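This report refers to the structure that appears directly beneath it.
As the structure is a computational prediction, the values presented were derived from the model and not from experiment.
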Amino acid sequence: VGFLDLFGVSMVVPLLSLHVKSLGASPTVAGIVGSSYGILQLFSSTLVGCWSDVVGRRSSLLVCILFSALGYLILGASTNVFLFALARVPVGIFKHTLSISRALLSDLVAEKERPLVIGQFNAASSVGFILGPMVGGYLTELEGGFYLTAFICFSVFILNAGLVWLFP
């Protein structure tokens, strides 16, 4: 989950500022739209964390993955600044997949094995973070590349959801 999560996201994130500007946003508007994700993360992290304690990690992880996928689907369809900004809302609220995954691993793994498993999870996530920008940068050079990259990110999240669904 960690590798796919960061691979998908890191394909798109470096390209966001360029894309929103290509849609006609001024640098100030691009900055505000870019900051909206962080603001939403700030206010939703505690709520999503508490919610995952109540409904269970697996269920909350699945919902967060699906809503994040929705955000990247909207992003892939964004042809104006409004849709671009709208796409950042579900991602900003629900993109807590790494922290929920770590909490789920902590719940599932014996305390003695936890450092090794969390370390492996972090290493896999880092590999995704390294490879994602390279792949996203390459794809963006193609015709319609940003949209292709956003749809691939959406697909990665759907794949992640399937994995979470299949493997408890």
The criterion is side-chain hydrogen bond (donor to acceptor under 3.5 Å, both in side chains); which residues satisfy it with [X], sequence neighbours excluded?
| X | result |
| --- | --- |
| Ser44 | His96 |
| Arg102 | Asn122 |
| Ser125 | none |

Restricting to side chain to side chain contact (heavy atoms under 4.5 Å, CB included), what partner residues turn up for Leu83, sequence neighbours left out?
Ile74, Ser78, Thr79, Asn80, Leu86

Is there a path from [X] to [Y] through hydrophobic residues (I, L, V, M, F, W, Y) whose side chains come within less than 4.5 Å of each other?
| X | Y | result |
| --- | --- | --- |
| Tyr147 | Tyr138 | yes |
| Leu166 | Val156 | yes |
| Leu16 | Leu142 | yes |
| Met134 | Met11 | yes |
| Leu116 | Val109 | no |

Work out which heavy atom in [X] is nearest to a heavy atom in [Y]; give both atom names and the distance.
| X | Y | result |
| --- | --- | --- |
| Gln41 | Val91 | NE2-O, 3.7 Å |
| Ser10 | Gly132 | OG-CA, 3.2 Å |
| Val55 | Ser60 | CG2-CB, 4.0 Å |
| Leu6 | Phe129 | CB-N, 4.0 Å |
| Ala25 | Ala30 | CB-N, 4.2 Å |
| Gly24 | Val81 | C-CG2, 4.4 Å |

Does some side-chain heavy atom of [Y] sit less than 4.5 Å from a side-chain heavy atom of [X]?
| X | Y | answer |
| --- | --- | --- |
| Phe157 | Val9 | yes |
| Phe7 | Val127 | no |
| Val29 | Ser26 | yes |

Quick check, are the ring centers of Tyr72 and Phe154 under 6.0 angstrom apart?
no

Distance, nearest 0.5 Å, that separates [atom1] of [X] from [atom2] of [Y]:
| X | Y | atom1 | atom2 | value |
| --- | --- | --- | --- | --- |
| Cys64 | Ile100 | SG | CD1 | 4.0 Å |
| Trp165 | Leu163 | CH2 | CG | 13.5 Å |
| Ile65 | Ser101 | CD1 | OG | 6.0 Å |
| Phe94 | Trp51 | CZ | CH2 | 6.5 Å |
| Ile93 | Leu47 | CD1 | CG | 9.5 Å |
| Leu4 | Ile158 | CG | CD1 | 12.5 Å |

Using atom types as modelled and distance alone, determine if a side-chain donor or acceptor of Ser59 lies under 3.5 Å from a backbone N or O of Gly56.
no

If we ignore hydrogens and angles and just use 3.5 Å, is the side chain of Arg114 paired with the main-chain N or O of Ser106 as donor and acceptor?
yes

Judged by modelled atom types alone, do Arg88 and Ser36 share a side-chain donor-acceptor pair under 3.5 Å?
no

Side chain to side chain contact (heavy atoms under 4.5 Å, CB included) partner of Cys153, the single match among Val12, Val13, Leu75
Val12

Quick one: which residue pairs count as a salt bridge (charged side-chain N to carboxylate O under 4.0 Å, His left out) with a foot in residues 4-13, not counting sequence neighbours?
Asp5-Lys95

Which ILVMFWY residues can you reach from Leu42 by hopping between side chains whose heavy atoms are under 4.5 Å apart?
Ile39, Phe43

